[in-house]
Number of protein chains: 2
Amino acid sequence: MDLHSLHDIPHSEERFTGYLKEICETFEFDDAAYAGINPVGGTMHAIVTYNEDWQNHYQENGLHLIDPTLHSAMRSVAPVDWSRLGRNANFRKVFDTARDFGIGEFGMTVPIRGPYGEFGMLSVTRDCDAATWKKLKRNVIADIQPVAAHIHDHVMGSEPLTKFLHHPNLSRREKEILQWIAAGKSQQDIADILCISSRTVEVHLRSARQKLFALTTAQAVGRAIGMSIIYPS
Amino acid sequence: MDLHSLHDIPHSEERFTGYLKEICETFEFDDAAYAGINPVGGTMHAIVTYNEDWQNHYQENGLHLIDPTLHSAMRSVAPVDWSRLGRNANFRKVFDTARDFGIGEFGMTVPIRGPYGEFGMLSVTRDCDAATWKKLKRNVIADIQPVAAHIHDHVMGSEPLTKFLHHPNLSRREKEILQWIAAGKSQQDIADILCISSRTVEVHLRSARQKLFALTTAQAVGRAIGMSIIYPS
DNA sequence: TTAGCTATTAGGGAAATCCCGTAGTTTTGG
DNA sequence: CCAAAACTACGGGATTTCCCTAATAGCTAA
């Protein structure tokens with residue numbers, strides 16, 4: 001996820017806000033926010049319980065570009081506990097202002113990665129002292145990832161395109177050759193490697209493009225990677 | 001992850017087996033297995049505590065191709081509880097044989113997805129009755145994902161290439177143009193869209209290829225998608 | 001002010017890709 | 001056994017990509 005994309009994210013989707021509010025009540029958080037992107041459908045989602053003023057401020061000032069909670073989550077497999085982030089200039093810039101809006105600096109952000117490249121982040125926060133946060137964190141740690149996964153599934157599952165996700169039936173040869181293309185080999189290279197004619201390579205690529213509904217081979221590579229049929233290399 | 005790839009996975013890496021054994025002791029599992037793939041480095045990993053006979057049987061019979069625990073985990077964000085899988089022909093095929101090797105049909109598989117497209121699965125199993133499994137599952141559910149993430153990080157972090165993972169500094173124009181390439185547009189198309197010369201498009205693509213260390217534009221597309229710089233489209 | 005980076009543009013031509021169509025052989029699944 | 005899919009291969013030629021080389025202008029940070 002490119003953080004620039006977050007600027008274009010649509011306004012909080014109210015139909016899911018209830019879920020986040022329920023989480024806040026259940027786990028005693030003040031606020032929660034979910035941001036998600038589905039590369040296959042090219043869609044983005046946001047759900048936020050924060051008040052309008054903070055939302056506007058955050059967006060207008062492009063705080064997502066420097067927010068260390070987001071940056072860390074993007075590079076992490078596990079949930080990111082804000083209290084473990086360095087209190088550097090960016091952190092201060094975000095959270096000193098947040099305080100004016102009643103938002104504290106204790107929270108956590110849970111990255112969620114799905115099988116088709118979907119990516120989401122669930123952030124939850126509570127304005128409290130360190131000891132309370134430590135206790136709250138321990139109480140919710142068991143549930144936060146399943147909860148995040150649940151929200152993510154719900155949001156992604158609300159997209160028609162995801163439901164339509166049809167796994168194309170590439171032959172083994174087609175996959176193999178497309179993988180070599182992704183590795184930077186030319187058709188002639190691949191022909192030499194596989195001891196076949198370059199015209200045969202061309203035929204397989206054409207077939208693969210058709211099955212992937214791709215106009216070009218580069219597009220086919222991209223789609224196949226997006227569907228985990230082949231891998232970057 | 002293409003399940004065919006698992007056939008080529010190297011033998012269990014003994015230097016990490018201790019971790020899995022520790023997990024088995026701590027959480028009272030009989031066996032554990034981790035399989036991971038790092039697309040950027042093109043590497044695969046396996047760590048297994050199962051006995052040699054089952055390992056050989058599993059591999060020789062290509063059971064990974066039909067193992068529903070693997071298939072489900074690949075399509076899931078959350079951990080997959082085996083007891084919730086349908087007892088269909090494939091399940092029976094795997095687990096009726098497993099029983100002969102002392103492996104029960106209660107377990108779970110945790111998918112782990114990293115920020116650079118790394119993917120892993122941690123499977124743990126216990127030969128017991130349903131009630132015991134239900135209790136054990138409840139006991140470990142809080143810790144299983146962090147543990148899986150920990151193992152995954154360790155295995156992936158053991159690769160020199162991962163440490164070298166340098167996020168290339170593509171300019172905005174380079175990203176934009178590469179995204180259009182991934183959308184199937186030709187250089188001339190892109191020039192028309194952006195109201196620039198196709199020779200300019202060509203220059204940006206060359207620069208992008210260089211920054212991504214790619215031999216071809218298709219390879220550059222693949223790598224950029226793998227790094228989430230651009231998206232399939 | 002200077003250096004580095006980005007964005008823009010072009011010439012000439014070789015190499016590669018792709019289009020469109022065709023066809024034989026082998027393998028696979030019902 | 002049979003039909004469909006996969007694998008193999010080709011002709012002819014249009015189109016696109018990419019190589020190599022070169023240059024200017026604007027912006028930003030030191």
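In what follows, chains are A, B, ... by sequence order, proteins preceding strands, each numbered from 1.
A side-chain donor-acceptor contact under 3.5 Å links B:Q219 to the backbone of B:L215. Listed for the B:T49 side chain is a donor-acceptor partner under 3.5 Å among the backbone atoms of B:A32.
Rotation axes derived from the C1' atoms of the five outermost pairs at either end of the helix from C:dT1-D:dA30 to C:dG30-D:dC1 lie 80° apart, to the nearest 10°.
The distance from the CD1 atom of A:I103 to the CG atom of A:D127 is 9.0 Å, given to the nearest 0.5 Å. A distance of 9.0 Å separates CG in A:N51 from CG in A:N56, rounded to the nearest 0.5 Å. Atoms CZ and CD1, on B:R113 and A:I112 in that order, are 12.0 Å from each other to the nearest 0.5 Å.
Contacts of A:D189 classified as side chain to side chain contact (heavy atoms under 4.5 Å, CB included), with partners at least two apart in sequence or in another chain: A:K185, A:S186.
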N/O-N/O pairs, protein side and nucleotides 15-18 of chain D side, under 3.5 Å:
residue, atom, partner, partner atom, Å
D:dT17, OP1, B:Q187, N, 3.2
D:dT17, OP2, B:Q187, N, 3.4
D:dC18, OP1, B:T217, OG1, 2.9
D:dC18, OP2, B:Q187, NE2, 3.0
D:dC18, OP2, B:T217, OG1, 3.1

List every contact pair, protein side and nucleotides 25-30 of chain D side both N or O, where the distance is under 3.5 Å.
none

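Here the closest non-hydrogen pair linking B:F91 and B:W82 is CE1-O, 4.1 Å. Closest approach of B:A148 to B:V110, counting heavy atoms only: CB-CG1, 3.9 Å. Listed here is the closest heavy atom pair of B:A182 and B:Y231: CB-O, 4.1 Å.
In this structure, a donor-acceptor pair under 3.5 Å is absent between the side chains of A:Y34 and A:H45.
The shortest side-chain heavy-atom distance between A:L212 and A:L170 falls under the 4.5 Å cut-off. Residues B:K137 and B:F106 have side chains not in contact (no heavy-atom distance under 4.5 Å, counting atoms from C-beta outward).
From the 5' end on, the contacts that DNA chain C makes with chain A at under 4.0 Å to a non-hydrogen atom open and close at C:dT17 to C:dG21.
Pairs engaging residues 86-95 of chain A under the salt bridge (charged side-chain N to carboxylate O under 4.0 Å, His left out) rule: A:R87-A:E105, A:R92-A:D96, A:R92-A:E105 [sequence neighbours left out].
Nearer to the 5' terminus of DNA chain D, by closest-nucleotide assignment, is the contact made by A:S207 (compared with the other of A:T200 and A:S207).
If you take CG of A:L194 and C1' of D:dC7, they are 12 Å apart, rounded to a whole angstrom. For A:L170 and D:dA5, the CG to P distance is 15 Å, given to the nearest whole Å. Rounding to whole angstrom units, CD1 of residue A:I190 and C1' of D:dC7 are separated by 16 Å. Look at CZ on A:R206: it is 15 Å from P on D:dA6, rounded to the nearest Å.
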